[in-house]
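Have a look at the structure below before the remarks.
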Amino acid sequence: MSLDPVVLFFMLGLAAGLMRAEMRLPPAIYEFLSIILLLAIGLKGGIELSKQSFGDLLPDIGAVLLMGFVLPLLAFPILRYIGRLKKVDAASVAAHYGSVSVGTYAVAVAYLASQDITFEAYMPLFLVILEVPAILVGIILVRGISKKTQWGALSHEVFLGKSIVLLLGGLLIGWIAGAESIESIGGLFFDPFKGILALFLLEMGLIAASQVGSLRRYGVFLLSFGIIFPIFSACIGAGLGLMLELSIGGTVLLATLAASASYIAVPAAMRIALPEANPTLSLTASLGVTFPFNIIFGIPLYHKLTEYIYGI
Amino acid sequence: MSLDPVVLFFMLGLAAGLMRAEMRLPPAIYEFLSIILLLAIGLKGGIELSKQSFGDLLPDIGAVLLMGFVLPLLAFPILRYIGRLKKVDAASVAAHYGSVSVGTYAVAVAYLASQDITFEAYMPLFLVILEVPAILVGIILVRGISKKTQWGALSHEVFLGKSIVLLLGGLLIGWIAGAESIESIGGLFFDPFKGILALFLLEMGLIAASQVGSLRRYGVFLLSFGIIFPIFSACIGAGLGLMLELSIGGTVLLATLAASASYIAVPAAMRIALPEANPTLSLTASLGVTFPFNIIFGIPLYHKLTEYIYGI
Amino acid sequence: MSLDPVVLFFMLGLAAGLMRAEMRLPPAIYEFLSIILLLAIGLKGGIELSKQSFGDLLPDIGAVLLMGFVLPLLAFPILRYIGRLKKVDAASVAAHYGSVSVGTYAVAVAYLASQDITFEAYMPLFLVILEVPAILVGIILVRGISKKTQWGALSHEVFLGKSIVLLLGGLLIGWIAGAESIESIGGLFFDPFKGILALFLLEMGLIAASQVGSLRRYGVFLLSFGIIFPIFSACIGAGLGLMLELSIGGTVLLATLAASASYIAVPAAMRIALPEANPTLSLTASLGVTFPFNIIFGIPLYHKLTEYIYGI
Amino acid sequence: MTNNICKQITIITESALEHRLTDDIQRLGAHGYTITNARGKGHRGVRNADWSTSSNIRVEVVCGASVAIAITEHFKEHYFENYAMILFTSDVEVMRSEKF
Amino acid sequence: MTNNICKQITIITESALEHRLTDDIQRLGAHGYTITNARGKGHRGVRNADWSTSSNIRVEVVCGASVAIAITEHFKEHYFENYAMILFTSDVEVMRSEKF
Amino acid sequence: MTNNICKQITIITESALEHRLTDDIQRLGAHGYTITNARGKGHRGVRNADWSTSSNIRVEVVCGASVAIAITEHFKEHYFENYAMILFTSDVEVMRSEKF
Ligand SMILES: Nc1ncnc2c1ncn2[C@@H]1O[C@H](COP(=O)(O)O)[C@@H](O)[C@H]1O
Ligand SMILES: Nc1ncnc2c1ncn2[C@@H]1O[C@H](COP(=O)(O)O)[C@@H](O)[C@H]1O
Ligand SMILES: Nc1ncnc2c1ncn2[C@@H]1O[C@H](COP(=O)(O)O)[C@@H](O)[C@H]1O
Ligand code: NA
Ligand code: NA
Ligand code: NA
């Protein structure tokens with residue numbers, strides 16, 4: 001197995017972080033890179049949507065939405081009763097794992113590209129769709145459909161958070177402008193895309209490495225959960241892909257989305273909706289365990305898995 | 001009419017800002033994008049100047065300079081007597097509208113490119129030239145040619161401000177190095193140019209949206225002035241283009257330059273030279289009204305206008 | 001002699017800095033640019049190493065290492081007895097001049113490219129190797145092989161400093177992934193490389209200009225040393241290149257490396273290991289004299305020199 | 001000259017709270033605030049500003065004593081338990097006390 | 001040990017003034033200053049640092065009492081009317097008072 | 001309410017020292033610290049943050065009086081001579097004094 005350069009960048013960041021090298025990327029640059037990634041993913045998806053009838057996608061959208069509600073409901077009891085987490089912490093971690101990680105998605109796309117595997121180009125739409133339901137589930141698990149929850153402030157935070165606005169914005173722009181016209185801005189959003197992803201992963205490696213301290217504190221359960229649950233979710237995602245008759249590539253992506261855990265949108269929403277949940281717990285699992293696992297081992301594994309269930 | 005993606009990015013920023021989405025680009029990135037835009041525009045102009053005899057351009061330069069002095073003199077009485085602004089505020093706003101906006105210019109260039117309309121490649125020179133005269137007029141309208149004005153500090157601020165140094169610097173480098181040799185740095189300055197412009201406009205949309213609050217405060221006059229005066233200036237610019245026998249594209253650009261209002265160089269100079277002028281007033285008009293108007297409606301309008309006076 | 005655009009950018013920065021124009025690049029952007037340069041240089045070298053047997057390079061590596069130890073030992077007595085610097089300052093400046101400047105190296109590479117001169121592609125390895133020995137020499141000159149020196153903290157600082165980690169990391173990634181696979185991230189690291197170098201040099205020009213004040217304070221010796229010693233080092237470097245039977249291009253690069261003075265890795269290490277050394281002194285020489293000299297005059301001179309000793 | 005003693009409140013907390021805090025601060029009667037980006041460490045661990053979720057802000061408010069008490073009490077009640085936050089107060093002499 | 005009480009002046013104002021203020025501060029006798037980038041809100045509205053024209057700086061000067069008065073008076077006279085600016089002062093204990 | 005008087009130590013120094021200082025601060029008994037990036041000028045010249053070697057940090061520690069003395073003495077001994085650094089102290093009133 002030859003490693004993709006973007007994965008090597010992640011490992012470089014991880015190694016540098018573990019050796020405590022002085023290599024912090026300026027926060028402004030991290031922001032810049034993630035803005036370009038989000039917009040680029042959105043734009044690519046939008047271009048394809050412009051070729052598609054939106055109506056045809058509605059059943060798929062519904063099914064993916066449903067998965068977004070189901071995954072956190074499956075994670076919660078495991079976290080609460082096996083992991084013995086406090087209710088609010090279990091709900092918050094469940095929300096993280098029900099939602100998705102854009103960075104992981106981008107690496108999976110790069111992985112497929114390097115293997116010349118195509119996929120349904122409207123996958124970014126699923127990425128957007130999967131960000132939200134798990135957050136709602138997490139909150140309702142703790143608060144019920146309580147009036148005390150500031151649904152106004154919350155939905156502002158969720159729907160107008162940076163990642164959704166940029167993904168959706170990109171989708172819309174790509175959709176309205178169409179492939180030919182978007183080509184003109186490809187010099188920033190498409191040509192350097194994979195290099196930008198590489199640099200982004202370098203920083204993610206540094207961030208992941210900085211979680212090791214707290215990982216030690218929270219111990220074996222979190223480590224196991226952060227690896228086993230994603231594999232389990234990937235099976236569900238791959239199964240759904242099969243059901244929806246997606247291509248191999250599309251199924252790998254859906255499995256990866258299911259397996260990935262949020263570290264941007266959900267943490268921000270949880271600070272508002274469930275502030276008593278311990279944010280370190282979720283981030284340690286999501287960033288310190290699941291993200292590295294998915295990047296390095298998970299994606300090829302989900303590819304194998306998909307080939308297996310497609311009987312190849 | 002199909003919208004250029006860069007305009008769509010502006011609208012995304014505007015919408016996100018109006019809905020108060022959390023999407024502030026880091027200030028360092030805004031700086032970075034604007035530095036690249038300024039240098040790129042300068043370099044492109046410089047390459048062309050190297051093919052041109054500078055002497056041939058002198059009459060045109062003189063005429064454009066003259067327009068730079070006349071425009072603020074036309075704006076001032078309107079602001080003072082119809083708008084009933086304080087003298088110093090009228091002078092400051094007039095200076096903003098007599099000068100130019102690099103962002104607007106870049107969008108006009110993208111607009112022409114997308115329509116395959118060529119233009120005189122030395123237009124960036126006019127961009128530089130038009131930055132300055134209106135500032136002088138604004139100051140003299142208030143202070144006279146007073147000795148109290150710190151002309152030293154002021155001319156430092158004006159001529160060594162970031163936008164002029166980078167534009168002029170780019171012009172010089174392009175001029176000295178020539179097309180072939182500049183090609184080698186095109187991977188940063190030319191290929192991603194339009195993408196960088198798109199991202200820049202996203203942020204400009206956010207900034208424009210943040211002016212809405214003060215726009216409400218200053219009311220209808222500012223709104224009308226910010227739309228009507230630019231159209232009027234565009235007519236003058238287009239007329240001058242006709243007189244100078246510019247191409248259609250060149251005339252559209254000159255009209256756009258005339259119609260655009262400064263939001264970088266002039267505000268900075270006014271804080272030094274006329275600090276008692278209310279900066280919110282000018283920025284609200286320039287950023288909150290005229291910039292969006294020009295980007296979305298103005299440029300195509302000035303194109304129509306130009307075609308009209310060229311009898312096409 | 002026609003000037004390369006990157007050199008013109010440096011001169012623009014220098015001029016703008018000397019005229020005190022307001023043009024500070026955000027520190028985050030400076031970081032960003034230098035990270036890309038370091039990684040790109042490393043990656044390019046790594047790709048070549050993957051085609052090479054590492055064993056064949058061992059003798060060359062040894063010889064280059066030796067030069068890294070010898071150069072500061074030659075600089076020290078000059079600084080101590082002719083320049084009459086304090087012992088610790090002489091040692092610190094010697095360490096700066098024994099080590100290397102990545103920026104200067106990158107300009108030399110651009111210079112060779114613009115003249116279509118090829119070179120041994122593993123030169124970045126020498127760049128990494130030359131960073132370190134001079135630091136050790138500098139410290140030992142002052143402290144002896146004292147137990148009091150915190151070798152632990154120090155070697156952390158030296159070997160895990162940003163420039164070494166990124167260069168080495170790039171080398172490793174390029175080496176593991178190989179040319180074809182690295183191509184995919186070329187849109188960030190290779191295509192815009194020279195433009196990024198240009199922008200980086202613009203900022204370096206501004207930084208160099210800000211050293212002029214202290215240059216005046218430290219006077220003629222520092223100015224002379226900062227020009228004459230590099231030329232002398234370049235002769236040694238070129239001689240070594242001849243001995244190792246490098247190509248003309250490789251020899252020019254080795255001469256340039258020898259002539260260049262560090263302004264990132266060594267200053268950081270000296271603040272830890274020899275904090276009583278005056279950092280302004282070394283930086284004034286390295287950034288205020290030698291860097292500009294090498295960029296503008298030195299590199300073409302070392303090219304001439306190389307041609308001369310190769311009898312061309 | 002209208003010099004006067006005011007309270008200076010300094011709050012160091014999670015960036016995520018920026019909008020809520022500035023709304024609170026103004027509602028409780030302060031006439032302004034100043035914010036800088038920060039990083040740090042406290043009881044809730046390292047917040048090293050590597051990325052938005054782990055960054056701090058340092059909020060400074062200059063105000064009269066009664067507003068200072070209102071802000072302190074409000075923050076204590078609403079944020080101290082669940083957020084990384086410290087708050088401290090000192091006396092400062094201001095020019096133009098009518099501004100605060 | 002030469003501990004001593006000095007004045008700490010904090011000025012929050014428009015970034016555009018940076019060079020002028022630091023010139024003034026040194027001319028009026030202070031031996032140093034420290035600047036951080038800031039954003040904020042006051043009587044002249046929101047200054048959210050989105051771009052240079054709307055960003056603030058926070059300038060800190062530690063100095064003796066007489067220099068503090070000179071700076072305060074100078075700023076009051078030259079900047080208070082036309083610029084977004086607040087200035088406040090407090091006592092601090094410094095090490096190496098000969099530096100200030 | 002457990003309000004209380006603590007010491008606030010402010011240190012302005014070279015960014016290169018960040019890790020060493022925060023290690024020291026914690027070892028000497030403080031329970032936290034806050035850092036912002038800064039630029040400035042002092043006896044060792046302009047440090048304008050253009051690039052890492054010339055940038056400053058502003059470190060703030062809130063702690064009890066004895067820890068404050070320990071930190072001050074330690075820094076005086078280890079850093080004052082060879083590094084660009086100023087340090088000053090003032091009294092602040094803190095909420096939740098048990099945190100400091
Ligand atoms: N003793 C302290 N001195 C200075 N800053 C502190 C201190 N304790 C906490 N902080 C800051 O306040 C933030 C939140 O503190 P905490 O709630 O204790 O985690 C930390 O990230 C630090 O930036
Ligand atoms: N009461 C306050 N507390 C803290 N900072 C303030 C206060 N009032 C104003 N400021 C800061 O000072 C700047 C200028 O204030 P102003 O002149 O009132 O607009 C604002 O942008 C804020 O950053
Ligand atoms: N009097 C002062 N007031 C405020 N900050 C100062 C003062 N003196 C020095 N500084 C800051 O402390 C840093 C180091 O000071 P120094 O050791 O005097 O060079 C400077 O770069 C400034 O940021
Ligand atoms: Na998931
Ligand atoms: Na105009
Ligand atoms: Na050298």
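Each chain gets a letter, A, B and so on, in the order the sequences are listed, and its residues count up from 1.
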Examine whether an atom of F/F80 lies under 4.5 Å from a heavy atom of chain E, and if so say whether it belongs to the side chain, the backbone or both; otherwise answer neither.
both
Charged N-O contact under 4.0 Å between E/D23 and E/R20
no
Do F/R58 and E/E60 sit within salt-bridge range, that is, some charged N less than 4.0 Å from a carboxylate O?
yes
Using a 4.5 angstrom heavy-atom cutoff, name the option from E/I35, E/N37, E/D91 with the most pairs to chain F.
E/I35
Okay, F/R39 and chain E: the region with an atom under 4.5 Å from a heavy atom over there is both
Would you check if the side chain of F/R27 reaches a backbone N or O of F/T22 as a donor-acceptor pair within less than 3.5 Å?
no
Indicate yes or no: at least one non-hydrogen side-chain atom of E/T10 is less than 4.5 angstrom from one of E/V59.
no
Nearest 0.5 Å, please: how far is CG in E/N56 from CD1 in E/I12?
7.5 Å
Checking F/T36 against chain E: side chain, backbone, both or neither under 4.5 Å from a heavy atom?
side chain
Can you tell me which portion of E/V62 sits under 4.5 Å from chain F's heavy atoms? Options are side chain, backbone, both or neither.
side chain
